[in-house]
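Report on one structure; see the data block that follows.
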Amino acid sequence: MASSNMDIDGGVEAKAEDDLQTPVRTFELALISLVQRAQGEHGVKHADFTRYRHHCSNRLQGLYKSLKLQHGRTKFVKRKIEPANVTDVRSPASAHSPAHCGLAQDVTHHQSRECRFLHVPVFSAERAWAYAMELKKEVMLVVCVRAWGTCKGA
């Protein structure tokens with residue numbers, strides 16, 4: 001009698017686990033190349049962290065606008081990031097090609113549009129990093145001036 005109850009419980013648990021499994025979509029996002037390209041083109045090469053921070057802020061603002069995740073004075077409406085929400089975003093195909101998103105070349109245009117949602121936390125972190133480097137540079141400048149009266153390196 002005890003063994004039959006175990007079989008029933010085991011069968012019920014297995015069925016519940018099957019119902020909870022959803023198909024998982026994976027993306028191959030080339031973050032290193034995306035970040036290095038942005039840093040190289042917008043000031044980090046010359047230690048101009050202010051310029052890079054402004055670029056990240058402008059990029060985030062554009063991402064928020066194109067993904068319809070804008071902030072404002074209206075009532076907050078929570079939006080889940082689902083394929084239905086992602087696919088209704090309209091943008092020119094050339095501006096968000098897989099290469100532009102930092103994705104591999106063999107992904108579809110649908111996946112390249114979804115990669116923009118992944119750019120939001122990346123550029124938010126990059127903006128914070130650039131601000132930290134900017135503050136660090138200012139602190140080093142103050143330390144140099146206090147120690148030697150002038151700072152030749154900054």
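Every heavy atom of this structure was used, including side-chain atoms; hydrogens, water molecules and symmetry mates were not.
Applying the 6.0 Å contact sphere to CD of E138 captures more than 12 heavy atoms from other residues, nucleotides or ligands.
With rounding to the nearest 0.5 angstrom, the CD atom of E126 is 10.5 Å from the CE atom of M133. Taking CG from L34 and CZ from F123, the interatomic distance works out to 4.5 Å, rounded to the nearest 0.5 Å. One finds the OG atom of S124 at 13.5 Å from the CZ atom of R59 (value rounded to the nearest 0.5 Å). Annotation: the span from K136 atom NZ to F49 atom CZ amounts to 8.5 Å, rounded to 0.5 Å.
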TODO: Applying side chain to side chain contact (heavy atoms under 4.5 Å, CB included), run through V44 and W129 and close with a yes or a no.
DONE: CA-CA 11 Å; V44 176; W129 173 81; 4.1 Å; yes
(request) Just do the side chain to side chain contact (heavy atoms under 4.5 Å, CB included) check on R146 and V142 with the steps written out, would you? (result) CA-CA 6 Å; R146 283 186 182 170; V142 169; 3.9 Å; yes
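By the criterion of side-chain heavy atoms lying less than 4.5 angstrom apart, applied directly or through intervening Ile, Leu, Val, Met, Phe, Trp or Tyr residues, V143 is not grouped with V145; the two fall into different hydrophobic clusters.
Counting only distance, with no hydrogens or angles, the side chain of K137 and the backbone of A47 share a donor-acceptor pair below 3.5 Å.
The two atoms that bring L60 and V120 nearest to each other are CD2-O, 3.4 Å, heavy atoms only. Taking each heavy atom of L67 and R116 in turn, the nearest pair found is CD1-O, 3.6 Å.
Applying the side chain to side chain contact (heavy atoms under 4.5 Å, CB included) rule to T50 yields the partners D48, R53, H54, E134; only residues at least two apart in sequence or on another chain are considered. Listed by chain and number, the residues in a ring pair (Phe, Tyr, Trp, His ring centres under 6.0 Å) with Y64 are H71 (sequence neighbours excluded).
Note: H42 and H55 have parallel aromatic rings, judged against thresholds of 30 and 60 degrees for the angle between ring planes.
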